[in-house]
> 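Attaching a single structure in structure tokens format; questions to follow.
The first residue of the sequence shown is numbered 1, and numbering continues consecutively from there.
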Amino acid sequence: ELAGVSLIGGGALELGRIASGEKVDTRDDFDRDSQLADEFAEFAASRLKPGGNCHRSEVVKAFRRFYGKYRVENDQYPLTDLEIERLLRKWNRS
């Protein structure tokens, strides 16, 4: 009984840390984020114009066409549309 209560409490605490951003990224997460940032910077230099106007869904589609490994969902290169939109917002601020 006590083990079950402890497990549930620990799981809730860990989920709270993840949701609030307090959980530190792992080395793999950092490497993946760096790779994505570099790839988006290359894409942006080639395909985007600062001050231009387009919908974020168009940018997501263009990024997926630019990098063939992200065209379809797969386990080797997982990437959501929200992650691409986050990269776009970050690029747009700089």
> Which atoms form the tightest heavy-atom contact between S46 and F66, and what is the distance?
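Looking at all heavy atoms of both residues, the closest pair is OG-CE1, 3.7 Å.
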> Within the 4.5 Å heavy-atom criterion, are R32 and E83 side-chain neighbours or not?
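Sidechains of E83 and R32: in contact.
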> For K69, does the NZ atom sit with more than 12 other heavy atoms under 6.0 Å from it, leaving out its own atoms?
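Yes, the 6.0 Å shell around NZ holds more than 12 heavy atoms from other groups.
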> Provide the closest heavy-atom pair for L48 versus F40 in the form atom of the first, atom of the second, distance.
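Distance-wise, the nearest heavy atoms are CD1-CZ, 4.1 Å.
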> Looking at side-chain heavy atoms only, is the closest gap between L36 and I84 below 4.5 Å?
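When only atoms from C-beta onward are counted, I84 and L36 do not touch, as no gap falls below 4.5 Å.
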> Would you check if the side chain of E42 reaches a backbone N or O of E39 as a donor-acceptor pair within less than 3.5 Å?
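Side chain of E42 to backbone of E39: no pair is present.
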> Counting only N and O atoms by type, is there a donor-acceptor contact under 3.5 Å from the side chain of Y70 to the main-chain atoms of F63?
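A pair under 3.5 Å: no.
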> Could you measure the distance from the CG atom of L88 to the CG atom of L82? Nearest 0.5 Å is fine.
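One finds 12.0 Å between CG of L88 and CG of L82.
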> Please check if the side chain of R71 supplies one atom and the backbone of R65 the other of a donor-acceptor pair under 3.5 Å.
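Yes, the answer is positive, given that a donor and an acceptor are paired below the 3.5 Å cut-off.
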> Supply the atom-to-atom distance D28 CG to D33 CG, rounded to the nearest 0.5 angstrom.
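These two atoms lie 11.0 Å from each other.
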> So if I apply the salt bridge (charged side-chain N to carboxylate O under 4.0 Å, His left out) rule between D81 and each of R56, K61, R64, which one comes out positive?
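By the salt bridge (charged side-chain N to carboxylate O under 4.0 Å, His left out) criterion, D81 pairs with just one of R56, K61, R64: R64.
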> Are the side chains of V59 and F43 in touch, meaning some heavy atoms are under 4.5 Å apart?
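Answer yes - side chains close enough.
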